[in-house]
K.L.:
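Got a structure here, written out as structure tokens. Questions coming.
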Amino acid sequence: MYQRLKQKGIHHVCLRVPNLQETADFYRNAFGALLAAEWGEEGTEDHAFILDLGEGDFLEIFQSSAPYGLGKWQHVAIWTDNMKADYEKAVSNGAKIISQPAISHIPTRSGQIVHMKYGFLEAPGGEVVELIEDVAADAHM
């Protein structure tokens with residue numbers, strides 16, 4: 001169900017993909033996304049799904065035959081609490097591995113260190129998805 005779940009932040013990230021249903025099924029099956037809304041007529045370029053990736057983080061998907069190059073997002077990152085399981089689930093649902101999960105301890109300019117496990121996949125629609133899992137300061141692969 002479409003509803004506002006937070007006061008501020010990004011409403012949605014929009015994808016235009018060659019196969020709307022395949023892409024929607026990928027995000028539903030690989031990441032547990034829920035259908036929040038659908039509009040437009042099937043087979044037209046105004047047919048779209050809004051999927052909720054969790055807590056009102058929306059992904060809007062349109063089917064399109066036209067390539068979109070300029071100004072496109074580099075990737076969309078999705079939180080996970082289980083990198084190994086979610087990576088395997090994404091691959092079993094059609095994702096291609098760009099990079100295997102790795103751990104990084106990133107020092108920030110403020111002195112904080114961000115401890116994370118990350119990995120990149122190419123989803124069936126061609127978009128790049130990064131999975132991110134928080135890890136302990138002493139974590140290593």
Side-chain angles (χ1 to χ4, degrees), residues 1-40 42-141:
M1 170 196 291
Y2 179 89
Q3 62 181 341
R4 186 175 184 162
L5 296 176
K6 54 187 170 183
Q7 292 304 306
K8 293 183 85 176
I10 293 174
H11 180 276
H12 72 267
V13 174
C14 179
L15 296 173
R16 292 200 176 263
V17 297
N19 187 317
L20 175 63
Q21 191 64 55
E22 177 184 57
T23 298
D25 289 347
F26 171 75
Y27 284 95
R28 285 185 189 135
N29 296 328
F31 304 117
L34 300 174
L35 180 65
E38 178 180 2
W39 59 81
E42 287 189 36
T44 66
E45 297 218 356
D46 74 334
H47 186 207
F49 294 121
I50 291 273
L51 300 179
D52 188 342
L53 288 166
E55 307 285 328
D57 293 324
F58 294 141
L59 180 63
E60 180 182 43
I61 307 169
F62 286 91
Q63 182 158 322
S64 178
S65 57
Y68 288 82
L70 293 176
K72 76 176 189 175
W73 293 97
Q74 181 181 353
H75 63 268
V76 61
I78 299 173
W79 289 107
T80 179
D81 290 325
N82 188 332
M83 178 70 72
K84 183 177 183 340
D86 285 345
Y87 230 69
E88 290 171 2
K89 193 184 228 183
V91 170
S92 72
N93 279 281
K96 296 175 186 158
I97 296 172
I98 294 174
S99 68
Q100 290 291 338
I103 289 181
S104 185
H105 303 284
I106 305 166
T108 68
R109 290 183 179 186
S110 70
Q112 177 187 18
I113 298 178
V114 176
H115 307 282
M116 67 155 70
K117 186 183 293 185
Y118 67 96
F120 289 90
L121 301 161
E122 180 181 318
E127 69 277 12
V128 175
V129 175
E130 178 183 16
L131 292 181
I132 295 178
E133 179 181 356
D134 289 331
V135 297
D138 61 350
H140 57 284
M141 292 300 285

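Please read these numbers as outputs of a predicted model, since none were measured by experiment. Heavy-atom basis, side chains included; hydrogens, waters and symmetry copies ignored.
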K.L.:
In residues 126-141, what donor-acceptor pairs under 3.5 Å come from side-chain atoms, sequence neighbours left out?
P.N.:
from, atom 1, to, atom 2, distance (Å)
E127, OE2, Y27, OH, 2.8
E130, OE1, H75, NE2, 2.9
E133, OE1, M83, N, 2.9
H140, ND1, D138, O, 3.3

K.L.:
Under the rule for ring pair (Phe, Tyr, Trp, His ring centres under 6.0 Å), what residues qualify as partners of H12, not counting sequence neighbours?
P.N.:
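None.
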K.L.:
Is it true that H11 and E60 share a donor-acceptor pair across their side chains at a distance under 3.5 Å?
P.N.:
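Not at all, the side chains of E60 and H11 share no donor-acceptor pair under 3.5 Å.
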K.L.:
Can you list everything that forms a salt bridge (charged side-chain N to carboxylate O under 4.0 Å, His left out) with K96? Sequence neighbours excluded, please.
P.N.:
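K96: no salt bridge (charged side-chain N to carboxylate O under 4.0 Å, His left out) contacts found.
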K.L.:
Considering residues at least two apart in sequence or located in another chain, which fulfil the side-chain hydrogen bond (donor to acceptor under 3.5 Å, both in side chains) criterion with E122?
P.N.:
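Partners of E122 under the side-chain hydrogen bond (donor to acceptor under 3.5 Å, both in side chains) test: none.
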K.L.:
Is the backbone of G119 close enough, under 3.5 Å, to the side chain of S99 for a donor and an acceptor to pair up by distance?
P.N.:
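The answer is no, because no donor-acceptor pair under 3.5 Å joins these two groups.
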K.L.:
Partners of E55 by side-chain contact (heavy atoms from CB on, under 4.5 Å), sequence neighbours excluded?
P.N.:
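Applying side-chain contact (heavy atoms from CB on, under 4.5 Å) to E55 gives none.
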K.L.:
Not counting sequence neighbours, which residues clear side-chain contact (heavy atoms from CB on, under 4.5 Å) with S110? List them please.
P.N.:
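Here the qualifying residues are T108, Q112.
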K.L.:
Tell me, please, which residues at least two apart from D57 pass salt bridge (charged side-chain N to carboxylate O under 4.0 Å, His left out).
P.N.:
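If we apply the salt bridge (charged side-chain N to carboxylate O under 4.0 Å, His left out) test to D57, skipping adjacent residues, the hits are K6.
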K.L.:
Do other residues, nucleotides or ligands put more than 12 heavy atoms under 6.0 Å from I10 CD1?
P.N.:
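Open.
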K.L.:
Report the residues that fulfil side-chain contact (heavy atoms from CB on, under 4.5 Å) with L5, sequence neighbours left out, ordered by chain and then residue number.
P.N.:
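Listed in chain order: Q3, D52.
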K.L.:
Which pairs with one or both residues in residues 17-34 pass salt bridge (charged side-chain N to carboxylate O under 4.0 Å, His left out), sequence neighbours excluded?
P.N.:
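Applying salt bridge (charged side-chain N to carboxylate O under 4.0 Å, His left out) to every pair that reaches into residues 17-34, excluding sequence neighbours, yields D25-R28.
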K.L.:
My understanding is that only residues two or more places apart in sequence, or in another chain, count here; which of them pass side-chain hydrogen bond (donor to acceptor under 3.5 Å, both in side chains) with D81?
P.N.:
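For D81, no residue satisfies side-chain hydrogen bond (donor to acceptor under 3.5 Å, both in side chains) once neighbours in sequence are set aside.
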K.L.:
List the residues meeting side-chain contact (heavy atoms from CB on, under 4.5 Å) with A37, not counting sequence neighbours, and say none if there are none.
P.N.:
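Result, side-chain contact (heavy atoms from CB on, under 4.5 Å) vs A37: Y2, W39, I50.
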K.L.:
Quick one: side-chain hydrogen bond (donor to acceptor under 3.5 Å, both in side chains) partners of S92, sequence neighbours excluded?
P.N.:
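Residues passing side-chain hydrogen bond (donor to acceptor under 3.5 Å, both in side chains) with S92: none at all.
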